[in-house]
Amino acid sequence: MAAGRIIIFSAPSGCGKSTIISALRDRGDIDMRFSVSATNRPPREGETDGVHYHFLSTADFRARIAAGEFVEYEEVYPGRFYGTLRSEIDRILDSGHNCVLDIDVKGALNVKRLYGGRALSIFILPPSLDELRRRLEGRGTEDSEWIEKRLSKAQWEIDFAPQFDHRVVNDDLDSAVAEVAALIKD
Ligand code: 5GP
């Protein structure tokens, strides 16, 4: 069986990363299996343990850090930990499939450092920060303080973009999906 690769996606919030990943999955021509991360944040409505995340208590999360069960973990928001389990990556790669990670910028760069040429890191960019602001405001669910926080975090995240293998601008969804598909097939 062909050896699987790790495909890592990162993007600031509001860049359409999840939409791109779902569209790629819907194409059906790319082998991709999702690594289920662990987190200590509570499940949101509609999220299932073991499917969206492995939802752990903070004590359990810390115990697994101590046991060396994570390939990487980050405190993405204050008090909120997220980590990639070695068992998830091994299970998917050992079965010959590509393993998709949707993780934050620091986690992404750590996984790339560990797996080198076996990993492909892709950063999704907004066309501009002004456009990102318009998209976040367009959701209409967040107040302006929250939007400013997301935008300043976005700038911090975009500063890491040059360290990724590839950068894809999500200006037009279909073109961005086609571009990512071509990178993976390469
Ligand atoms: P959410 O709480 O909205 O599901 O995810 C928040 C952030 O955590 C997203 O940026 C997501 O990419 C990141 N994230 C999810 N899983 C992991 C992980 O295993 N490791 C790291 N470093 N970040 C993760």
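The structure presented is a predicted model; accordingly, all values stated were derived computationally and were not measured. Side chains are part of it too, since the values below use all heavy atoms of this structure and drop only hydrogens, waters and symmetry mates. Ligands are counted one by one from 1 in listed order, and the atoms in each one are counted from 1 as well.
Using a 4.5 Å cut-off on side-chain heavy atoms (C-beta onward), F70 and T84 make no contact.
Side-chain contact check for H54 and E88: at least one donor-acceptor pair (N or O, by modelled atom type) lies under 3.5 Å.
By the neighbour-count criterion of 12 heavy atoms within 6.0 Å, atom NZ of K153 is densely surrounded, having more than that number from other residues, nucleotides or ligands.
For a heavy-atom separation below 4.0 Å, the residues in contact with ligand 1 are K17, S37, R41, R44, Y53, E72, E74, V76, Y77, Y82, G83, T84, D102, I103, D104, G107.
At a threshold of 4.5 Å between side-chain heavy atoms, the hydrophobic network of Ile, Leu, Val, Met, Phe, Trp and Tyr places I89 and Y73 in two separate groups. Residue L93 is grouped with residue L101 when hydrophobic side chains (ILVMFWY) are merged at heavy-atom distances under 4.5 angstrom, including chains of intermediate members.
Hydrophobic cluster membership for V168: I7, F9, I20, I21, L24, I30, M32, F34, V100, L120, I122, I124, L173, V177, V180, L183, I184 (Ile, Leu, Val, Met, Phe, Trp, Tyr linked by side-chain heavy atoms under 4.5 Å, directly or transitively).
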